[in-house]
Amino acid sequence: METEVVSMTAAMLNGSSEVAGFLTSGGTESNLMAVKTFRDMGRAQKKGLRRPNIVGFVLFVNLFESMPL
């Protein structure tokens, strides 16, 4: 089911055949996976990246304060 949802979403957004994705249950898990994905992409593009910064509003602080980046 996940593969079908990702494929349909990619088709609706004009994604290429290289599009990949997965589903989360929402809330904290979705936020953590989004930040982890961005961190991993940054590290792949900039080999020396050790401590990336997250810029967000006050509500992000509680969620991300204890998260290991």
Side-chain angles (χ1 to χ4, degrees):
M1 184 169 102
E2 178 180 48
T3 303
E4 292 175 23
V5 172
V6 171
S7 294
M8 291 184 331
T9 304
M12 290 188 320
L13 299 174
N14 299 317
S16 71
S17 61
E18 296 179 8
V19 169
F22 64 98
L23 302 177
T24 61
S25 61
T28 302
E29 181 185 10
S30 296
N31 291 330
L32 291 174
M33 293 310 300
V35 171
K36 181 188 178 303
T37 300
F38 186 73
R39 180 201 65 185
D40 293 348
M41 285 175 49
R43 285 184 176 168
Q45 292 173 3
K46 293 186 175 192
K47 299 297 181 190
L49 186 64
R50 294 279 179 234
R51 296 196 54 164
N53 292 319
I54 297 174
V55 179
F57 54 93
V58 175
L59 295 177
F60 283 142
V61 172
N62 290 337
L63 175 62
F64 296 119
E65 218 169 38
S66 63
M67 193 168 104
L69 294 175

Self-check item: All side chain to side chain donor-acceptor pair (under 3.5 Å) counterparts of Glu29, not counting sequence neighbours
Solution: Ser25
Quiz item: About how many Å separate CZ of Arg39 and CG of Leu32, when rounded to the nearest 0.5 Å?
Solution: 11.0 Å
Quiz prompt | Distance-minimising heavy-atom pair for Val19 and Ala10 | solution = CG1-CB, 3.7 Å
Quiz prompt | Shortest non-hydrogen contact between Arg43 and Arg50, atoms and distance | solution = NH2-O, 3.7 Å
Exercise. Report the residues that fulfil side chain to side chain donor-acceptor pair (under 3.5 Å) with Asn14, sequence neighbours left out, ordered by chain and then residue number.
Key: none
Exercise. Can you sort out the partners of Ser30 under side chain to side chain donor-acceptor pair (under 3.5 Å), two or more places apart, ordered by chain and number?
Key: Thr24
